[in-house]
Number of protein chains: 2
Amino acid sequence: MAEPPIPKVSNPTGQGFLPGLAIDLVIFGFHEGQLKVLLLEYQNTDLFALPGGFIHTTENLNDAARRILVERTGLHDIYLEQFYVFGDYARYDAAKAPMTAIMRAKGLTSAEDHWLLRRFVSIGYYALVDFTKAIPTPDVLSDTCGWYDFVKLPSLMQDHGVMVQKALETLRISLDHNLISFNRWAAPLLPETFTMGELQNLYETILGQKLHRSGFQRKILGSEILERLEKKYSGGAHKAPYLYRFTPEKARS
Amino acid sequence: MAEPPIPKVSNPTGQGFLPGLAIDLVIFGFHEGQLKVLLLEYQNTDLFALPGGFIHTTENLNDAARRILVERTGLHDIYLEQFYVFGDYARYDAAKAPMTAIMRAKGLTSAEDHWLLRRFVSIGYYALVDFTKAIPTPDVLSDTCGWYDFVKLPSLMQDHGVMVQKALETLRISLDHNLISFNRWAAPLLPETFTMGELQNLYETILGQKLHRSGFQRKILGSEILERLEKKYSGGAHKAPYLYRFTPEKARS
DNA sequence: TATTATTGTAACAAATTGATACAATAACAA
DNA sequence: TTGTTATTGTATCAATTTGTTACAATAATA
């Protein structure tokens, strides 16, 4: 984040950006059994899209992903991970109509050779946060920026639907591996301390299937990523569950 | 592979290519317990490098990877898979010296603003073949193109060493999943029919560790990817092993 | 007809996972 | 106080998978 963001609207030649290369973000949101995806709507269009953007000419790719997240959604300090590059030529044609509409809505000339209408290869990054803690704000290009239920996503621009699917596959495969990273930043998936039930609910929501309570507890406790704290008196008419927290980095082997 | 390859040497502006975007290939070669990597040496330099190249403006990314493989190594019909995008800005500086040397060796002007000296983001693809069946031929840019033992790789240009490491990690994690794909093309890792021992040797070489014979057999037979054929009379003073082949696609569930 | 090397598989132990059961409570209601 | 209820932590046992060892089968060769 070395450079100030270049206002995109007043950048008719795409100067300062790596040409032909974009980043798109699939930000999954979780809370109490719900899975959502962060989408934005371009002004005066009916198009839903993933937040995306371009890479500054002197910027690391991973830094660009983080910057784009901030600029387009207002969210910051979120753990992002690469998952795939989308580079079919057919993306180009698929992008023309929606991009022209977006530009027209913005009052931009949609000259045939405008840089935004050229072919782009897009690098996909994904993240997972608590959507009640990550309140997005639309940027200057977007009407809205908000959370949409995964089970009833609106249809998305271009190949963004494919991106979401591929990101979810990656997330499911690597949930164990990335859980702590996802949780260490702003908008963590779980509060500082949480119950085993809350953690299991997170797993079940992401994986889209029920897990056996006993086996889950055994697996998680066996992995030694958790530290048990005092009990939580929830007010419910039942035994109070223990609270846990992720073992601080320094204390792990 | 719609377009004829553009001779790179006589392309002083990089026309016809997506700017700033490259593909680099980590081609692993296996044979009888040895693991190798395909490297090339640029003319009149001491630089070893991964085969790489650029993407035509109307070409699918995955097609570009296959074309680059053919153009730079002469190998064709090999299953390639994306594994990571290398996009740190520091790659830029790291590339300057070697690229200048390569260009000078080629008699090219190394003007500061030459397109090859600009910043590139590189998409990594990897593959796994039998290096005795995949005989590479150097292209017009390279002195040599050949197989190098993984355990004593020469030091590589720019961040190509990091790429090899990352590719191997990916290969190890997804060997089960991609084995049949790697084997279905030219230069398959195993002959049409092979013994269980040969398959186990492949696994041990890629994973870099010994596996228990009994357990390996159980796992592989249990996965039902193999069909047992007649025995192989090897000439050795011992019981003849069965031959196997991968179950043809159509016969699998 | 032994000998040797290697293979296929059985056999058993050890470890992991799946399923069920049950004791231990917080809160609440009688 | 004393049930009642819901939920948690864990024990228990079964089922499955994995790790290890053992052994019979058997080509080539001496």
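Below, read A as the first sequence line, B as the second, and so on, with proteins coming before strands; counting in each chain starts at 1. Note that these values count all heavy atoms, side chains included, but never hydrogens, waters or copies made by symmetry. Because the structure is predicted, anything quoted here is derived from the model rather than measured.
Remark: B/Lys36 is not positioned above the aromatic ring of B/Tyr148, lacking an NZ or CZ atom under 6.0 angstrom from the ring centre and at most 45 degrees off the axis. For the pair B/Arg228 and B/Tyr244, the cation-pi test (distance below 6.0 Å, angle within 45°) is failed.
Rounded to an integer number of Å, the gap from B/Leu226 CG to C/dG8 P is 11 Å. In this structure, CG of B/Leu221 is placed 14 Å from C1' of C/dA10, rounded to the nearest angstrom. Taking atom CD of residue B/Gln217 and atom C1' of nucleotide C/dT6, one finds them 12 Å apart after rounding to whole Å. Residue B/Lys232 contributes atom NZ, which lies 13 Å from atom P of C/dT6 at whole-angstrom precision. Atom C1' of nucleotide C/dT7 and atom CG of B/Leu243 are separated by 13 Å, given to the nearest angstrom. At whole-Å resolution of the value, CZ in B/Arg218 and C1' in D/dT16 are 11 Å apart. Protein atom NE2 of A/His238 is 16 Å distant from nucleotide atom C1' of C/dA29, rounded to whole Å. Atom CD1 in B/Ile220 sits about 15 Å away from atom C1' in D/dT18, given to the nearest Å.
Side-chain contact between A/Pro241 and A/Glu198 is absent, with no heavy-atom pair separated by less than 4.5 Å.
Contact annotation for A/Gly215: no contact, since no heavy-atom pair falls under 4.0 Å across all strands. Residue-level contact check: A/Lys219 touches neither bases nor backbone, having no heavy atom under 4.0 Å from any strand.
The stretch residues 190-214 of chain A touches DNA chain D through A/Met196, A/Arg213, A/Ser214, each having a heavy atom under 4.0 angstrom from the strand.
Considering only the side chain of B/Tyr233, D/dA28 comes nearest among C/dG8, C/dG18, D/dA28.
Under the 4.0 Å criterion applied to side-chain N and carboxylate O atoms, B/Arg66 and B/Asp63 are assigned as salt-bridge partners. Ion pairing between a basic and an acidic side chain is recognised when a charged N comes within 4.0 Å of a carboxylate O; A/Lys219 and A/Asp176 show such pairing.
Note: B/Phe54 and B/Phe120 have tilted aromatic rings, judged against thresholds of 30 and 60 degrees for the angle between ring planes.
The side chain of A/Lys239 contributes no N or O atom lying less than 4.0 Å from OP1 or OP2 of D/dA6.
Every residue was checked against the salt bridge (Lys or Arg N to Asp or Glu O under 4.0 Å) condition with B/Glu41, not counting sequence neighbours, and none meets it.
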